[in-house]
Amino acid sequence: GSESPIQFGQINPNIASNFINTLHQDLVLSFPPGFPPSCSPSVPLPFTMSHGTTTLAFIFQGGVIAAADTRSSCNGLVACPASQKILPVHSHLVGTTSGTSADCALWKRILARELRLYQLRHGRRLSTAGAAKLLAHMLHPFKGTELCVAATLCGWDGGERPSLYYVCSDGTRLQGELFSVGSGSPYAYSVLDGGVRWGLTVEEATSLARQAVYRATHRDAYSGNCVDVYHITSKGWARRDREDAEFKSQHP
Amino acid sequence: MFATQVHGDNGKMKEYHYTGPVEHRFSPYSFNGGTVLAVAGEDFAIVASDTRLSEGYSIHSRDSPKCYKLTDTTVIGCSGFHGDCLTLTKIIDARLKMYKHSNNKSMTSGAIAAMLSTILYGRRFFPYYVYNIIGGLDEEGRGAVYSFDPVGSYQRDTYKAGGSASAMLQPLLDNQIGFKNMEGVQHLPLSQEKALQLVKDVFISAAERDVYTGDALRICIVTKDGIKEENVPLRKD
């Protein structure tokens, strides 16, 4: 395919030829000349995009825990108090999102599509490391533009082991056992660094993740509302009940 | 950096510079005001908008509603820059027709929402300056509301306000429809009559406090029997 992934296979009226079928996209994504724009936007925008968050993920003996707040803010206004910042990519891979909501939602969708195509073509699921590399390479042409995506990919590879990668739109791709991303991450790190051990039980790990996000929402203005927790094991991802962070503050 | 601009006589702008010259760039965007609101019930959806089209201190039109009918079960409300609203609705209509011709059925509300998200993101680097809210019935006949940001981030809600008075209306809806921030209140399901009255009251309040909202209110009520429209006058000042 010779068109950018953010066109989502839509018909571009500027293409002279009758190129309608856009479903044959290789893993090597190529773009038409002039896209993405190599300079910063020449059009000053009259609005801001949604930003600000606390997300975290860590590995322990029971798999991977991913947690995030649910506040989506726009300058000073809370655009959505109940947004989903942890998006399942497939049955054994979950991604936390931080940055601009639209960028994160759409790029996760593009990643899910490419992973599904890989699975259909090669007969096996791509590993978390492979998914992280794929996402990093897809975002690379947009480096220098205003795209802002900082995600952690939490997955279970090939029935054997948990895996955690951090991918960012400025090109960073890191493997690790503990990550926290977003404006509230310093506060979450302080709680996690004091409590994360390999030997935690599932209940302890879930409760620690909730505590970390709750502490961050308490101090960071751009994080708040509820806490989402996901747990990834060899059987796939499972979502825990969403809990109100304010509720926790009154009933510690 | 401050540059205070004051209107002198005959409408010409005077400029008092406190810290030197300020660069003015041509902006392809303009803000035309207006507020949109959508509420989803058990078996209905309501999409309402005011009908004032403004720019700066002027009112271009008092009869420019911001709700557009897409299918028999879906209505979209678009507020922001009117030029982009018109083009976006034209593109959505064209895509609906294409879908109908290739798939031999109408698009569902959820499908329209997902499609709109990709249309908006396709212009990530020169966005449509439009705040969209889709209201309609889902495949099971239940009310559905989908709210968007200008670049395509969306989710399904029970109620949402968008446009110039959204920051004033949303907390009120959180309280009255979502029963938030109250204790010891019975969570009754919202009936169509109650929802309609709430929408009218809420817009009357918005017209009092927001200069860009007023003139008239256009309400589209989506049920399994089709789409009904109602017009209610608002403050014209």
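Here the structure is a predicted model, which is why all the values come from computation and not from measurement.
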Verdict with reasoning, B:Gln170 to A:Val78, per side chain to side chain contact (heavy atoms under 4.5 Å, CB included): CA-CA 10 Å; B:Gln170 193 64 35; A:Val78 175; over 6 Å; no

Derivation and outcome, side chain to side chain contact (heavy atoms under 4.5 Å, CB included), residues B:Arg124 and A:Asp103: CA-CA 9 Å; B:Arg124 170 65 174 81; A:Asp103 290 333; 2.5 Å; yes

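What you find for B:Ser153 and A:Ser101 is that their closest heavy atoms are OG-CB, 3.4 Å. The shortest heavy-atom contact between B:Gly152 and A:Leu106 is O-CD2, 4.0 Å.
Between the OG atom of A:Ser83 and the CD atom of B:Gln155 there is a distance of 6.5 Å, given to the nearest 0.5 Å. If you take OG on A:Ser72 and CG on B:Asp149, they are separated by 8.0 Å, rounding to the nearest 0.5 Å.
Within 6.0 Å of NZ on B:Lys180 lie more than 12 heavy atoms contributed by other residues, nucleotides or ligands. Residue B:Tyr212 places its OH atom among 12 or fewer non-hydrogen atoms of other residues, nucleotides or ligands, all under 6.0 Å distant. Atom CG of B:Asn104 sits in a sparse spot, with 12 or fewer heavy atoms from other residues, nucleotides or ligands closer than 6.0 Å. Annotation: B:Glu42, atom CD; neighbour count of heavy atoms from other residues, nucleotides and ligands within 6.0 Å does not exceed 12. Enclosure of atom NE2 in B:His60 by more than 12 non-hydrogen atoms of other residues, nucleotides or ligands within 6.0 angstrom is indicated. The environment of CZ in A:Arg239 is crowded: more than 12 heavy-atom neighbours from other residues, nucleotides or ligands sit within 6.0 Å.
By the 30° and 60° cut-offs, the orientation of the rings of A:Phe142 relative to B:Phe125 is parallel.
Heavy atoms of B:Ala161 lying under 4.5 Å from chain A are absent altogether.
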